[in-house]
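All of these numbers come straight from a predicted model, not from anything done at the bench. Along the sequence shown, residues are numbered consecutively beginning with 1.
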Amino acid sequence: MIDEDDSESIFRYTFPRKEAAGLPIRVRDIREVYSYLVNTRKNLSEAIKTKLCRTYPSIQLEDYIRNYASYFQKSIESYVRYKAEHNYMDYDDLLYIVSSTLRKNPKAREYISKRYDHILIDEMQDTNPLQYELLSSFYDNSHIFAVGDDAQSIYAFRGADFKSIT
């Protein structure tokens, strides 16, 4: 398992430095865009737009995306490949792998969801689409009790969507 610092180090190591020399791209931004796109299930352009709009409100986003999205894509592909080659997983992988496995494998979904009679969720307004997707695997076989207040949603910067409580 790798933490955020390890993840950023791997992005820094795998970043296409020669191609990106002098470009207005920070490794931390690429890592944050990657995590955001995994957790929100959005495409790269939308993730760049959302994450960088908050960080750099004055940049011309459409031009930035057109000019630099390929560098983000190359860096993300290198990062994913590096993790696979070294058998590393980050926190986003844990959520994504479990969620996609349960979504694609009805037997696994049924077996695991039947093990839990009740699932209690606090702060439901702070779940992101990937977390919600994982939770939906338990709908058919578990009783779910969720508590949340849409007026207290504070994790939109991480992709939380308070609409999941409606």
(request) Identify, with sequence neighbours excluded, every residue that meets side-chain hydrogen bond (donor to acceptor under 3.5 Å, both in side chains) alongside Q152. (result) D149
(request) Report the relative orientation of the aromatic rings in Y88 and Y82; use parallel for angles under 30°, tilted for 30 to 60°, perpendicular for over 60°. (result) tilted
(message) Could you check whether any side-chain N or O of H143 sits under 3.5 Å from a backbone N or O of D117, counting only pairs where one atom can act as donor and the other as acceptor?
(response) yes
(message) Taking the side chain as everything from C-beta on, heavy atoms only, tell me whether K83 gets closer than 4.5 Å to D90.
(response) yes
(request) Show your reasoning for whether side chain to side chain contact (heavy atoms under 4.5 Å, CB included) applies to R26 and F15. (result) CA-CA 10 Å; R26 295 181 341 171; F15 188 66; over 6 Å; no
(message) Keeping T50 on the side-chain end and E46 on the backbone end, is there a donor-acceptor pair under 3.5 Å?
(response) yes
(request) May I ask you to decide if S113's main-chain N or O and S142's side chain share a donor-acceptor pair within less than 3.5 Å? (result) yes
(message) Please check this pair: side chain of S9 against backbone of D5, looking for a donor-acceptor N/O pair closer than 3.5 Å.
(response) yes
(message) Pair Y64, I25 - check side chain to side chain contact (heavy atoms under 4.5 Å, CB included), show working.
(response) CA-CA 10 Å; Y64 186 91; I25 300 172; 3.5 Å; yes
(message) Is there a side-chain contact between F72 and L52 in this structure, where contact means two heavy atoms from C-beta onward sitting under 4.5 Å apart?
(response) yes
(request) Run the numbers on R12 and E8 for salt bridge (charged side-chain N to carboxylate O under 4.0 Å, His left out), then give the verdict. (result) CA-CA 6 Å; R12 191 171 313 287; E8 191 166 325; 3.0 Å; yes
(request) Would you check if the side chain of N105 reaches a backbone N or O of T101 as a donor-acceptor pair within less than 3.5 Å? (result) no
(request) Salt-bridge test for E77 and K74: reply yes if a basic N is under 4.0 Å from a carboxylate O, no otherwise. (result) no
(request) Using a 4.5 Å cut-off on heavy atoms from C-beta on, say whether the side chain of L94 contacts that of M1. (result) yes
